[in-house]
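Here is the structure we will look at, set down as structure tokens.
Index from 1, following the sequence. Please read all numbers here as calculations on a predicted model, not as lab measurements. Each ligand, and each atom within it, is numbered from 1 in the order the structure gives.
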Amino acid sequence: MALNSKIEWTDTTWNPVRGCTKISPGCTHCYAETFAERFRGVSGHPYEQGFDLRLVPEKLIEPFRWRSPRMVFVNSMSDLFHASISDDYICRVVDVMDRANWHTYQVLTKRSERMAGLLRTKLRFAAERSHIWWGVSVEDRQHGLPRLAHLQDAPAEVRFLSVEPLLEDLGAINLSGVRWVIVGGESGRGARPMKEEWVVRLRDQCHREGVAFFFKQWGGVQKAKTGRILNGRSYDEIPARSQHAVPDASALVALRELFASLPNPKSSSLLR
Ligand code: SF4
């Protein structure tokens with residue numbers, strides 16, 4: 001699956017925002033923070049400012065440069081619905097996704113209440129596009145289940161859950177309206193354990209209810225060794241992508257020019 005991303009369930013990552021702040025137990029060992037902080041102070045590096053939240057408007061145009069269709073994980077190094085990002089900038093990011101519709105976008109957040117509110121209002125134009133998938137993180141019942149409820153209340157064509165790191169037995173959960181569930185254990189130093197029975201319970205519920213199930217990894221300190229085999233096989237189910245024609249070269253240039261002609265957002269003015 002991965003084209004230029006190591007994440008098993010996507011082809012590529014797109015980060016028109018960088019940096020974030022922690023919001024729940026799933027953030028404790030945030031891989032994005034660990035990665036970004038490694039480069040704090042390294043002059044000229046994209047993460048010279050470490051994990052500090054900032055907008056990267058020059059990245060907005062990137063999907064127009066990718067000619068072949070990709071699965072795109074939006075903001076793998078941030079959270080698009082962070083409270084400090086303005087509605088205007090979020091709308092600009094979603095406008096790109098709406099126009100560059102030959103790709104499939106995976107938008108994942110822990111700020112589900114804000115996402116749901118915007119999908120009902122300023123993002124309504126793109127909420128039910130089949131090529132934009134809206135997802136929430138569910139690491140435990142206390143924080144994850146309210147996010148799931150927000151997602152289910154919002155208009156969307158494809159809803160998905162990232163159950164990673166799975167920190168406890170979720171029990172039976174309400175999967176109505178959910179098309180895809182990704183499950184994974186935490187990895188790296190200090191990784192919190194995940195029990196097989198928790199994963200099996202989710203897999204079985206997904207299969208009973210016709211929900212695609214993707215098992216990403218067991219995790220642990222050495223995730224390459226623990227792998228991603230569950231009961232003797234891997235699970236790589238994923239919803240079908242919608243098919244949109246790739247524009248020809250001249251149409252692509254016109255799209256890029258149209259987008260470039262929009263008023264240039266200034267990073268600082270778009271943070272709330
Ligand atoms: S919301 Fe995501 S990117 Fe932000 S700190 Fe938590 S895990 Fe990291």
**Asked** Aromatic rings W14 and Y105: how do their planes relate, parallel, tilted or perpendicular, breaks at 30° and 60°?
**Response** tilted
**Message:** Name the residue from K110, R147, R192 that meets the salt bridge (Lys or Arg N to Asp or Glu O under 4.0 Å) definition with E139.
**Reply:** R147
**Prompt:** Is the closest heavy-atom distance from N75 to ligand 1 below 4.0 Å?
**Reply:** no
**Message:** So for H82, does at least one of its heavy atoms come nearer than 4.0 angstrom to any atom of ligand 1?
**Reply:** no
**Request:** Tell me which part of R18 gets within contact of ligand 1: side chain, backbone, both or neither, using heavy atoms under 4.0 Å.
**Result:** neither
**Message:** If only side-chain N and O atoms count, and only distance matters, is there a donor-acceptor pair under 3.5 Å linking T34 with H29?
**Reply:** no
**Request:** Show all protein N/O/S atoms under 2.8 Å from atom 8 (Fe) of ligand 1, or state that there are none.
**Result:** C30 SG
**Message:** Considering non-hydrogen atoms of the protein only, which is the closest contact for atom 5 (S) of ligand 1, and what is the distance?
**Reply:** T21 O, 3.6 Å
**Complete:** Sorted by chain and residue number, the side chain to side chain donor-acceptor pair (under 3.5 Å) partners of D79 (sequence neighbours excluded) come out as T109, R111
**Message:** Please tell me whether D140 and H143 have a donor and an acceptor in their side chains that are separated by less than 3.5 angstrom.
**Reply:** yes
**Request:** Would you mind reporting whether T121 and L118 have side-chain heavy atoms less than 4.5 Å apart?
**Result:** yes
**Asked** Is the F213 ring parallel, tilted or perpendicular to the F215 ring (thresholds 30°, 60°)?
**Response** parallel
**Item:** L202: which of L161, D169, L170, V138 passes side-chain contact (heavy atoms from CB on, under 4.5 Å)
**Value:** L170
**Prompt:** What residue and heavy atom of the protein are closest to atom 1 (S) of ligand 1, and at what distance?
**Reply:** R111 NH1, 3.2 Å
